[in-house]
Amino acid sequence: MGYKATISSNVDKAFKMLKDLAVLVTLSSKKDSGFDFAANAPLTVVTTSKSILGVPVQKKRNPSTNPNNTISHSFIFKAKDLPDPTIYDTISVIGGETWRIVPPYDNDGFIITVNVTREA
């Protein structure tokens with residue numbers, strides 16, 4: 001077994017060992033098939049949802065530097081569960097809060113740290 005497979009299986013084990021520290025989130029991804037410039041709208045928007053485990057890392061609000069009073073949060077996911085996030089993706093956590101994914105993303109091929117925001 002190579003190092004890549006060993007690390008990947010250990011990441012899976014680590015997420016199982018987190019128990020209640022990891023939360024089940026619903027990832028909603030929007031994909032479009034093109035853009036109609038005459039109508040100024042996407043041709044077809046398909047929204048797909050899947051449930052994945054994430055670890056909330058940091059939640060912060062800084063009203064002095066953020067006039068909109070936006071709340072920021074960071075989550076850690078397995079990279080194979082969230083391979084290529086976009087700014088159009090959202091995650092919903094238990095309690096009904098919906099967070100918008102914002103760049104930058106930190107992906108080492110095994111885990112990905114994603115920043116999300118929502119209005120307060």
Side-chain angles (χ1 to χ4, degrees):
M1 184 185 285
Y3 286 121
K4 211 172 196 181
T6 302
I7 293 170
S8 182
S9 69
N10 283 331
V11 167
D12 290 338
K13 287 179 190 176
F15 268 79
K16 287 179 186 172
M17 293 175 66
L18 287 171
K19 305 268 186 210
D20 63 342
L21 293 177
V23 295
L24 191 63
V25 302
T26 303
L27 171 70
S28 297
S29 300
K30 293 181 181 177
K31 305 284 185 214
D32 62 9
S33 62
F35 194 80
D36 182 2
F37 290 98
N40 200 21
L43 293 174
T44 306
V45 177
V46 178
T47 303
T48 57
S49 296
K50 69 176 182 177
S51 295
I52 58 176
L53 278 179
V55 180
V57 181
Q58 182 181 23
K59 190 174 188 179
K60 59 185 173 181
R61 180 190 304 184
N62 192 350
S64 63
T65 60
N66 189 352
N68 294 335
N69 207 18
T70 303
I71 301 172
S72 301
H73 211 317
S74 296
F75 280 88
I76 296 175
F77 298 102
K78 290 187 273 187
K80 63 183 175 185
D81 289 346
L82 187 63
D84 190 24
T86 67
I87 59 170
Y88 304 108
D89 295 345
T90 59
I91 61 170
S92 299
V93 241
I94 297 171
E97 295 177 337
T98 300
W99 299 79
R100 187 173 51 90
I101 295 178
V102 294
Y105 322 114
D106 186 22
N107 187 348
D108 65 5
F110 301 104
I111 60 170
I112 182 169
T113 303
V114 175
N115 298 311
V116 294
T117 61
R118 75 174 175 88
E119 296 297 320

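Each residue takes its place number in the sequence, starting with 1. Treat the numbers as computed from the prediction; the structure is a model and nothing was measured.
Atoms NZ and CG, from K16 and L18 in turn, are 12.0 Å apart once rounded to the nearest 0.5 Å. For the atom pair CG (D81) and CD1 (I112), the distance works out to 10.5 Å, reported to the nearest 0.5 Å. Taking CD1 of I71 as the start and OG1 of T117 as the end, the distance is 10.0 Å to the nearest 0.5 Å. Atoms CD1 and OG, on I101 and S29 in that order, are 7.0 Å from each other to the nearest 0.5 Å.
Qualifying side chain to side chain donor-acceptor pair (under 3.5 Å) partners for S49, counting only residues two or more places apart in sequence or in other chains: S28. Legend: residues meeting side chain to side chain donor-acceptor pair (under 3.5 Å) with T86, ordered by chain and number and at least two apart, are D89. Listed by chain and number, the residues in a side chain to side chain donor-acceptor pair (under 3.5 Å) with D12 are K78, K80 (sequence neighbours excluded).
Counting heavy atoms from C-beta outward, F77 and L27 have side chains that stay 4.5 Å or more apart. Side-chain contact check for V93 versus P56: every heavy-atom pair is 4.5 Å or farther apart. Residues F110 and N10 have side chains not in contact (no heavy-atom distance under 4.5 Å, counting atoms from C-beta outward). Between I76 and F15, the closest side-chain pair of non-hydrogen atoms falls below 4.5 Å.
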Inset, instruction - Start with the C-alpha gap between V11 and I111, add the side-chain angles, then the distance that decides, and say whether side chain to side chain contact (heavy atoms under 4.5 Å, CB included) holds. - result: CA-CA 8 Å; V11 167; I111 60 170; 4.0 Å; yes
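Criterion: ILVMFWY side-chain heavy atoms under 4.5 Å apart, direct or through other members. Under it, Y105 and V25 are part of a common hydrophobic cluster.
The main-chain N or O of P104 is found under 3.5 Å from a side-chain atom of N115 such that the two form a donor-acceptor pair.
Between T26 and S51, the shortest heavy-atom distance links the atoms OG1-OG, 4.0 Å.
In summary, of the residues considered (I91, L82, V57), a side-chain contact (heavy atoms from CB on, under 4.5 Å) with F75 occurs for I91 alone.
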